[in-house]
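One structure is given below, encoded as structure tokens.
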Amino acid sequence: MVESVIKKYAVMGDPISHSLSPRIHKYFAAQTKKEILYEAINVKKNKLLDNAKSFFDNGGEGLNITTPLKMEAFQMSDALSDRAKNAQAVNTLHYIDGQVYGDNTDGIGLIKDISINHALDLDGKDILVLGAGGAVRGIIEPLLSSHPNSLIIANRTSEKAELLVKLFNNEPKIKSCAFDKLKGRHFDLIINGTAAGLSNELPMLDQNVLSAKTICYDLMYGHEDTKFVAWSKSCGVQTALDGLGMLVEQAAESFHIWNGIRPETHVVIDALRQDWQ
Ligand code: NDP
């Protein structure tokens, strides 16, 4: 039997028209027999507080927050989970008893996709993360908890990568590095956490940093290979993955926060890939 109370959720960000979150949450709702409304709302930078407040005032119970609003979501939260505090960025808001609770499910989403869906072990690996925005803030601590040998962050605006590293000042494994100083270094895993793909661009990574055995993972996703995945393959990389699995896993964690039920993810990942064929 389907529950009769319709709960209202949305994803806010800019751009937002590409977002798969409404479809994913519809799949989760059908699977768990919940009746929900889930919409995608375009919200410009510096406009989250007003839009989120109005959404909650009108009966909304939860929001997913995407680029470029995760820091604003962090600032507007009345209470925060430990992982949101570590990330200093929020991608999930839950409105309970007049309070806005902020969480960050990006990191757990990425780790589940890498370690469960793709069965990759991060223990002892050398990892390069490109970008230092809201998404990257969410994945650093969970990556460190997977016991890599080293974790390097490179960002277009290098000061932001340096600031991010400072948040983990007791952890010698994590360092920042300018893009042009990466040449000649080897990495087991390169994660593209930049928003370059949203404007069909590539981060300025020298292709000598890649080898056939490097695993490339793009947080971005799409019905065709993303620009970064296509570029990695063209450089001879054998394993180049997109972020669809992470997207579904982080959404499942948000759904769990809101509804107390953890939906099955692999069927949703398969269904979305099937829809694209
Ligand atoms: P933010 O806007 O918070 O950060 C953007 C980052 O990308 C910054 O580090 C910025 O560098 C960098 N950047 C933007 N354009 C370029 C470019 N042309 N070349 C190099 N670097 C660039 O975005 P988010 O962190 O929220 O999102 C990043 C990406 O991750 C997006 O593509 C988003 O769709 C994806 N994502 C996927 C998720 C998933 O579940 N699969 C979850 C969350 C995000 P600078 O500091 O110099 O401006």
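In this text the structure is predicted, and so the values were computed from the model without any measurement. Atoms within a ligand are numbered from 1 in the order they appear, just like the ligands themselves.
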Are any of the protein's heavy atoms under 4.0 angstrom from atom 33 (C) of ligand 1, yes or no?
-> no
Joint hydrophobic cluster, Phe56 plus Leu69, side-chain heavy atoms closer than 4.5 Å | yes
Contact check: Leu198 vs ligand 1, nitrogen or oxygen atoms, below 3.5 angstrom = no
Using a heavy-atom cut-off of under 4.0 Å, does the side chain or the backbone of Lys160 touch ligand 1, or both, or neither?
-> side chain
Which class fits the ring pair Trp258 and Tyr9: parallel under 30°, tilted 30 to 60°, perpendicular over 60°?
-> parallel
Residue part near ligand 1, for Asp106, under 4.0 Å between non-hydrogen atoms = side chain
Just going by heavy-atom distances, which of Thr194, Thr67, Leu20 is nearest to atom 1 (P) of ligand 1?
-> Thr67
At a 4.0 Å cut-off, with the gap strictly under it, does some heavy atom of Gly197 reach an atom of ligand 1?
-> no
Residues Glu35, Lys7: salt bridge by 4.0 Å N-O rule = no
How does Asn155 reach ligand 1, by side chain, by backbone, by both or by neither, if only non-hydrogen atoms under 4.0 Å count?
-> side chain
Can you tell me which residue and heavy atom of the protein come closest to atom 3 (O) of ligand 1, and the distance to 0.1 Å?
-> Gly134 N, 2.9 Å
Heavy-atom proximity to atom 36 (N) of ligand 1 ranks first, among Thr157, Leu219, Ile139, for Leu219
Which part of Arg156 is near ligand 1, with near meaning a heavy atom under 4.0 Å away: side chain, backbone, both or neither?
-> both
Taking the inter-plane angle between the rings of Trp276 and His223 on a 0 to 90° scale, is it parallel (under 30°), tilted (30 to 60°) or perpendicular (over 60°)?
-> tilted
If you measure every N/O of Ala132 against every N/O of ligand 1, is any gap under 3.5 Å?
-> yes
With backbone taken as N, CA, C and O and side chain as the heavy atoms from C-beta onward, which portion of Met71 lies under 4.0 Å from ligand 1: side chain, backbone, both, or neither?
-> neither
Gly243-ligand 1 polar pair, N/O distance under 3.5 Å = yes
Flag Glu201 as yes when one of its N or O atoms lies below 3.5 Å from any N or O atom of ligand 1, and as no otherwise.
-> yes
Less than 3.5 Å between some nitrogen or oxygen of Val136 and one of ligand 1, yes or no?
-> no
Residue and atom name of the nearest protein heavy atom (relative to atom 6 (C) of ligand 1), distance in Å to one decimal = Ala195 N, 3.8 Å
Counting each atom of ligand 1 from 1 as listed, which ones have a heavy atom of Gly131 under 4.0 Å away?
-> 9 (O)
If you measure from each heavy atom of Gly109 to ligand 1, is any distance below 4.0 Å?
-> no
